[in-house]
Amino acid sequence: MSINNPNKIDEILKQLKKDIESGEFKKYLDEIFEEEKKAKEYINNKEFFEWIADFIDRLRKMKRTYSTEDFLYMDKDKFTEQDIKNEEYIGSCIFELFKEIGKQQGKEPIIDDSWSFPDTEWYFKFNNKMYFICELIGQGTEYILRTASNKEKNYLDLDLYFENI
C-alpha cells in the first residue's frame, strides 16, 4: 500500500493524535533525546578520541581508511569488541559534540552542497595530530574518518577542549 493513499494518511494522523493525547508520543521523544544524550556523554572524553586515533592508525596499517559502509563489510575478527562497540558512535553524536566545541572555539564546519550529495566536514586536532571527519548525505548517511594534513587552518582543537572540561 502506498503512503500516498489518503486512507493510510488519515489512519496515521489519527494514531499520531491518539499518541499525542495519551502522552505516548512525548514518551517516545523523551526516549530518543535520552539516547542521544547518553551517546554524546559516551564520546565526550579523551579516552574515546584516543581510541579513534588508535583505530584510524590500525586501519591505516591495513591500508584502509574508515568509512561507515566499508566497515560494514570488513572482517570483524580483525577488531576487538570495544572497536565494534565504539564504531557505532562514529556519526551524528560526534557532529553534535563538534558543533558545541565549534561554538566555544569560534569554528564552523565546512559545508559543501555543490553537488548531489551534500557533505559536512570537520578537521580536528587531537594529541597534536590532525584528523578529518565527513558526513555525506545521499540515499543514506556515510561517515568518513581519516588522518589529515597539518596544513589545515580551520580545525577544532580537541587537546585544548579536553584540557578545559
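Remember, predicted model here, so these are calculated numbers, not experimental data.
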Does L59 form a side-chain contact (heavy atoms from CB on, under 4.5 Å) with F79? I'd like the steps, not just the answer.
CA-CA 10 Å; L59 285 170; F79 301 97; 3.9 Å; yes

Heavy-atom closest pair, residues [X] and [Y]:
| X | Y | value |
| --- | --- | --- |
| S114 | D112 | OG-OD1, 2.6 Å |
| D159 | N127 | OD1-N, 2.6 Å |
| G102 | L156 | CA-CD2, 3.6 Å |
| Y155 | K107 | O-CE, 3.4 Å |
| I94 | I90 | CD1-CA, 3.8 Å |

Can you tell me how far [atom2] of [Y] sits from [atom1] of [X], rounded to the nearest 0.5 angstrom?
| X | Y | atom1 | atom2 | answer |
| --- | --- | --- | --- | --- |
| E36 | C93 | CD | SG | 9.0 Å |
| K129 | I56 | NZ | CD1 | 8.5 Å |
| T68 | E88 | OG1 | CD | 12.0 Å |
| M130 | D157 | CE | CG | 8.5 Å |
| I52 | D57 | CD1 | CG | 13.5 Å |
| T65 | F71 | OG1 | CZ | 13.0 Å |

Are [X] and [Y] grouped together when hydrophobic residues (ILVMFWY) are joined by side-chain heavy atoms under 4.5 angstrom apart?
| X | Y | result |
| --- | --- | --- |
| F95 | F55 | yes |
| Y28 | L16 | yes |
| L145 | M62 | yes |
| I12 | L29 | no |

Within 6.0 Å of CD in E41, more than 12 heavy atoms from elsewhere
yes

Tell me whether the count of non-hydrogen atoms from other residues, nucleotides or ligands lying under 6.0 Å of CD in E81 goes above 12.
no

Answer yes or no: is there a side-chain heavy-atom contact under 4.5 Å between [X] and [Y]?
| X | Y | answer |
| --- | --- | --- |
| N44 | I165 | yes |
| Y123 | N154 | no |
| K125 | L160 | no |
| L158 | F98 | yes |
| K17 | E21 | yes |
| E87 | Y66 | yes |
| E96 | K99 | yes |
| F49 | D54 | no |

Parallel, tilted or perpendicular, judged at 30° and 60°: which one describes the rings of F48 and Y89?
perpendicular

Side-chain (D83) to main-chain (T80) donor-acceptor, under 3.5 angstrom
yes

Counting N and O atoms only, with roles assigned by atom type, does the side chain of K76 sit under 3.5 Å from a partner on the main chain of M74, one being a donor and the other an acceptor?
yes

Axial cation check for Y42 ring with K37, 6.0 Å and 45° limits
no

Paired with Y161, the side-chain contact (heavy atoms from CB on, under 4.5 Å) test is passed by just one of E100, Q105, K46, namely Q105

Are D10 and K14 close enough, and set up right, to give a salt bridge (Lys or Arg N to Asp or Glu O under 4.0 Å), and what steps lead you there?
CA-CA 6 Å; D10 287 343; K14 284 178 188 174; over 6 Å; no

Begin with the C-alpha distance, continue with both residues' side-chain angles, and end with the deciding distance and a verdict on salt bridge (Lys or Arg N to Asp or Glu O under 4.0 Å) for D75 and K78.
CA-CA 6 Å; D75 179 3; K78 297 178 181 182; 5.1 Å; no

Return all side-chain donor-acceptor pairs below 3.5 angstrom for residues 131-143, not counting sequence neighbours, or 'none' if the list is empty.
unit_1, atom_1, unit_2, atom_2, d
E135, OE2, Y143, OH, 2.8
E142, OE1, E69, N, 3.1
E142, OE2, S67, OG, 3.2
Y143, OH, S92, N, 3.3

Would you tell me whether E11 and N7 have side-chain atoms, one donor and one acceptor, within less than 3.5 Å of each other?
no

Pair Q15, K18 - check side-chain contact (heavy atoms from CB on, under 4.5 Å), show working.
CA-CA 5 Å; Q15 183 63 45; K18 180 180 170 187; 4.2 Å; yes

